Amino acid sequence: MSMSQEQLLQVFRCMVKIREFENRAHEVFLAGELPGFLHLYLGEEAIAAGVTAALRADDWVASSHRGHGHLIAKGGDIRLMMAEIFGRSTGYCRGKGGSMHIADLDLGILGANGIVGGGIPIATGAALACQYRGTDSVVVSFFGDAASNRGTFHEAVNMAAVWDLPVIFVCENNLYGVSTCQRDHMRITDVAERGAAYGIPGVVVDGNDVEAVYEAAVTAVSLARQGAGPTLLECKTWRHQGHFVGDPCAYRDPSEHEEWMAKDPILRGTRLLIEQGLATEEAIARLTSEIKAEIEEAIEFGRSSPWPDEADLLTDVYSE
Amino acid sequence: MSMSQEQLLQVFRCMVKIREFENRAHEVFLAGELPGFLHLYLGEEAIAAGVTAALRADDWVASSHRGHGHLIAKGGDIRLMMAEIFGRSTGYCRGKGGSMHIADLDLGILGANGIVGGGIPIATGAALACQYRGTDSVVVSFFGDAASNRGTFHEAVNMAAVWDLPVIFVCENNLYGVSTCQRDHMRITDVAERGAAYGIPGVVVDGNDVEAVYEAAVTAVSLARQGAGPTLLECKTWRHQGHFVGDPCAYRDPSEHEEWMAKDPILRGTRLLIEQGLATEEAIARLTSEIKAEIEEAIEFGRSSPWPDEADLLTDVYSE
Amino acid sequence: MGTDTVSTKTMTYAQAICDGIAVEMRRDPDVYVVGEDVGMFGGGLGVTLGLLDEFGPRRVRDTPLSETAIVGHAVGAAAAGLRPVAEIMFDDFLGIVMDELGNQAAKARYMFGGKVKIPMVLRASCGAGIRAAAQHSQSLEAWCAHVPGLKTVAPSTPADAKGLIIAAIRDNNPVVFLEHKILLGIAGDVPEGEYIVPIGKAAVKREGDDVTLVTWSAMVPQAERAAELLAEQGVSVEVIDLRTIVPLDKEAILESVANTHRLVIVHEAVRTGGFGGEIAAIVADEGFDLLDSPIKRVTAPDTPVPFSPVLEDAYLPSAEKIKAAVLDLM
Amino acid sequence: MGTDTVSTKTMTYAQAICDGIAVEMRRDPDVYVVGEDVGMFGGGLGVTLGLLDEFGPRRVRDTPLSETAIVGHAVGAAAAGLRPVAEIMFDDFLGIVMDELGNQAAKARYMFGGKVKIPMVLRASCGAGIRAAAQHSQSLEAWCAHVPGLKTVAPSTPADAKGLIIAAIRDNNPVVFLEHKILLGIAGDVPEGEYIVPIGKAAVKREGDDVTLVTWSAMVPQAERAAELLAEQGVSVEVIDLRTIVPLDKEAILESVANTHRLVIVHEAVRTGGFGGEIAAIVADEGFDLLDSPIKRVTAPDTPVPFSPVLEDAYLPSAEKIKAAVLDLM
Ligand SMILES: Cc1ncc(C[n+]2csc(CCOP(=O)(O)OP(=O)(O)O)c2C)c(N)n1
Ligand SMILES: Cc1ncc(C[n+]2csc(CCOP(=O)(O)OP(=O)(O)O)c2C)c(N)n1
Ligand SMILES: [Mg+2]
Ligand SMILES: [Mg+2]
């Protein structure tokens, strides 16, 4: 199923929002304003945007350490996100979690995760909850190429397959786990080949082509909703920056980087909108500056929000 | 490569030795003489015998909870084994390990293992040692169908594949993990399909046909020795008894059991030897009673050996 | 707790746990049981026998042999509103799932600023005594106790086992429920129906004035037996069964020590890093002035659990060893 | 130990570890380094930078993202005669590998009746202080300490880091080597060449008569700072850096308490179930008669590690908090 014009505009908007969020987070981090680790989603925007466009509000996502894009795409409030990565009391987690630990259960966001591959079983469990309760909600689990080498991937995908759970395993294959390139961490070229090991479909798409991502996601989501169980959807992509902010990324070949930069999903989205006459360059510039203003507002909100109270240290350990 | 007549007789002898060891261990357990858990290898003898026939003395095996057969086939001393499962000081582990924890490093036996799937990474590490030192020794990892759902399987097989390690992953698929039948623990029919997930060959053989097992093992071993890396070798089989001694095995279909009992590897081995004129019924009976005497001697050795000294409790925790 | 006039029934510790789970499954459709062979086979040691018949395979779920996914999926299911009662057959397998338990289940609420709850129970058999050797006999409550966000429970009687499993299932936090294999077959009177033993409350099993024995799980009967032996020698022993490891009922301990002025801690886990250290540390701080003599620990030695009966018997703390430790103090 | 007249060189704690590994790799061809990104990238926090250039990819091995296989394969490699020096980036990932570490590496020798040795080192960064939040900041030495068969080491200075990594690599047992992230960049004088600090020996960092502070890892500088502050107030503090958690140098502790009669234990790990409990328990038993006052612990609270700098700073034990605890005792 291909996207309507309206949808196309929406996912484009979503991609730009992620892009601008990350660009500014990057700058603010470099300016020394953000504590901790920051793993940017720059370059991978089409995956979060395309996949979540195939979801409903009552569907779920489980994210990774590289989570900002997933959260924004699923409707996360960028003010609360920004405040959280600033470590402020107004943040999503009241400053307790930071970039790798943001959740919004009301929006179906099961959380970013500091443990690579840690979200895959969690997504599987949420999918069991959907099936158990007889809803037709589905769950998306986002993780990287390197994460697909973890035991959690194997055990959870197998469990989801045996139980026909409504979960879509989305592998964001940016060809590297930190400095280790794919051919040094697995023998195969397509992570999607692993689907066959569990008797589920394995699908490869160009992860920088938001339409392709969307279409593959729609198919996977509809299988899941119908009770046919999981799909492993591999999206080939590239991170524009280092593994985290501060990584000079010396392990990647500059010419490969150049090639991939030319396939930037936002560049392609822009071209597509213009070619199809869905937007003019001016309209896109306007949209981008609107979003920039939103982001600026979020940053200002984060930056000017109060720090948590020391007493907060001891709360939220147990639930009543 | 098919077996010479002599080899055929040898593997047959090995199978009978395992069979008789297990039959008697079973009886002695039921008589209350053996402490702990006992997982019998009855019915699966062709796998251990066929695979180890493809190995050299300087090759390694890593075993499972159902380990007696592997140990015997790799040359384990049945007197020391029996003494160990009797819990005596003369046993392989001086009574400290029991059935699930027998090793003999000198024979290349890396140990049985009480953790299902626990031996798979260990085998992988031993294979790295072989490669690292430039020997052409190989390692065999034995594990069950259910074990192939553990994260250890996934991580270790992938690591072995990436590093071209000389290890053969032998899945003894007896169609059940305790009471859970294969279709309830994985969607696929052949565990061997999982090889493709790591870019390695996945091979299915009739695990009750010792010649077929041997031939497949020879191919896998020779690939490993040549530096081509691991193979996943699935051997379809059936355990004759419950999961452990004491399990009435109520979860299996009696008619399926009957069918499989007719495929008993020793029955088939006997038929083969006679048909090929390699042995007469009398010769087989003689061989069997010779082996029975050996086993009896081992039992007597175990039974009459002294208990460990209480002071042994505190030794062997650390190495100098 | 419970109501005043409850009718009781004799059942084993294993049956009592099963009964408690069944009570909750009838009451709350979100409760489900999950683990390897928990259905027809009744789980690793038969505790869940019968649940499949009553509740069917949707609510009593056999899993693949995948402990990580068992615990990991439970975190997600709980976050999404269910109440999983998951089993890993032996607590020796905690090492396989400590990430899911310690980094996900226990921390989710805190990391997310209080915006999620993870109401799940992780059941596992613990302890030595059946010649199951080093990888099927451990007592690993101390690992769990060191993880803020987890609760850990280790009952010693059938009634407590029922009351605590119900409390654990109703708790809105991840609870590790340790069932000692030696206790599974022990019978006792168990209140019928909804019977709750609150998490975090110790039980005084026997009153005494000379020395306090603090213990839990399968060491409770050993401590009680030691108390009997010591009574014969004129030593009056108070036996406290913690029942819950975390949250610890520290008041019960300090109150008793205020009376006896002597403390012996008994646990089956290996000594170094065992939970006995925590108890000793609390009393050596908050109860220092109450003490008349050194705090003693009676524990397993710092070795893996050996297989041979001779060695395993020597490994386990016993009434005799407890008695000797107490006499040392007097 | 080391020889008498060693030449030293100024290097960071991270460089000292790397230097120690390199010394052993030059000496023993069976030593190899293995873990995620340990090659060109230098591992999680850059400690192994440079080893790939000197020793090449056969001996400095990047792995797939598979902690279980990293530790599990190391057990097999060690059993077969190699000496792996494995890295998991953060000790927070111990929960992923506790089975391989606790059930395989630590127990193999005992289970097999003394017929195998497992000479492997597992390196991991530990500790809070860099706003890395709940899953990248823990101090989990207490989990390791509760596993017989393991040794656990946690140095606080560059020289000790070098001397102990060499000792760990030469040890014929599995050794967990915890590198505190706050210390990695701290520079100090480090003996060149083969320099060994024996496993199991504490260091008296400062002598004093009024109170003994027992601590390790990144809490050592805090304790030293507290001792300085207290000296200004006329309180004389002895600071003991354990350096090794297991085997514990209990004599060093008891000897010091015999002189000071007061004990404060300081650790960064959360309080409940922390290794401080073990130390307190030993002293409350074997050193009871030496004590003039309660044993105090200064630790992190029982919460996950929070992200926000304000909260993380409040979470961490500090010189000020140590000082307050000591003054409480006087
Ligand atoms: C279990 C675990 N191991 C290691 C790490 C450290 N780490 C964080 S991200 C990462 C690489 C992940 O690569 P991939 O899954 O491909 O995702 P990407 O970062 O490329 O998006 C590593 C090794 C971690 N956080 N968790
Ligand atoms: C990690 C782990 N989980 C569970 C168990 C308990 N257990 C022992 S054997 C077994 C089933 C193994 O099935 P499979 O791998 O097919 O081997 P089989 O017993 O059929 O030979 C189980 C669940 C265990 N020992 N280790
Ligand atoms: Mg990647
Ligand atoms: Mg099986």
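Order of the sequence lines sets the chain letters (A, B, ...), proteins ahead of strands, with each chain counted from 1. A quick note: this is a predicted structure, and the numbers were derived from the prediction, not measured.
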Asks: Chain C heavy atoms under 4.5 Å from B:V317: which part of the residue, side chain, backbone, both or neither?
Replies: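 Interface part for B:V317: side chain.
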
Asks: So which residue, B:C93, B:G87, B:G118, ends up with the most heavy-atom pairs under 4.5 Å with chain C?
Replies: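 Result: the option with the highest number of such pairs is B:G87.
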
Asks: Could you list every donor-acceptor pair linking chain B to chain C (distance under 3.5 Å, backbone and side chains)?
Replies:
unit_1: B:G87; atom_1: O; unit_2: C:S308; atom_2: OG; d: 2.6
unit_1: B:G95; atom_1: O; unit_2: C:S308; atom_2: N; d: 2.9
unit_1: B:K96; atom_1: O; unit_2: C:F307; atom_2: N; d: 3.1
unit_1: B:G114; atom_1: N; unit_2: C:Q135; atom_2: OE1; d: 2.7
unit_1: B:I115; atom_1: N; unit_2: C:Q135; atom_2: OE1; d: 3.4
unit_1: B:N149; atom_1: O; unit_2: C:S66; atom_2: OG; d: 3.0
unit_1: B:S179; atom_1: N; unit_2: C:D37; atom_2: OD1; d: 3.0
unit_1: B:S179; atom_1: OG; unit_2: C:D37; atom_2: OD1; d: 2.6
unit_1: B:T180; atom_1: N; unit_2: C:D37; atom_2: OD1; d: 3.2
unit_1: B:T180; atom_1: OG1; unit_2: C:D37; atom_2: OD1; d: 2.7

Asks: Can you say whether B:A250 sits under 4.5 Å from chain C via the side chain, the backbone, both, or neither, judging by heavy atoms?
Replies: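 For B:A250, the contact with chain C is made by backbone and side chain together.
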
Asks: What's the separation between atom CZ in B:F37 and atom CZ in C:F307, rounded to the nearest 0.5 Å?
Replies: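 If I round to the nearest 0.5 Å, the distance is 11.0 Å.
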
Asks: So which heavy atom on C:P306 is nearest to which on B:L313, and how close?
Replies: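 It is CG-CD1, 3.7 Å.
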
Asks: Taking all heavy atoms of C:A133 and all of B:G97, pick out the closest pair and write down the distance.
Replies: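 Heavy atoms only, the tightest pair is CB-O, 3.5 Å.
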
Asks: Considering all heavy atoms of both residues, which atom of B:A146 and which atom of C:L65 are nearest to each other, and what is their separation?
Replies: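 Taking B:A146 first and C:L65 second, the nearest heavy atoms are O-CB, 3.5 Å.
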
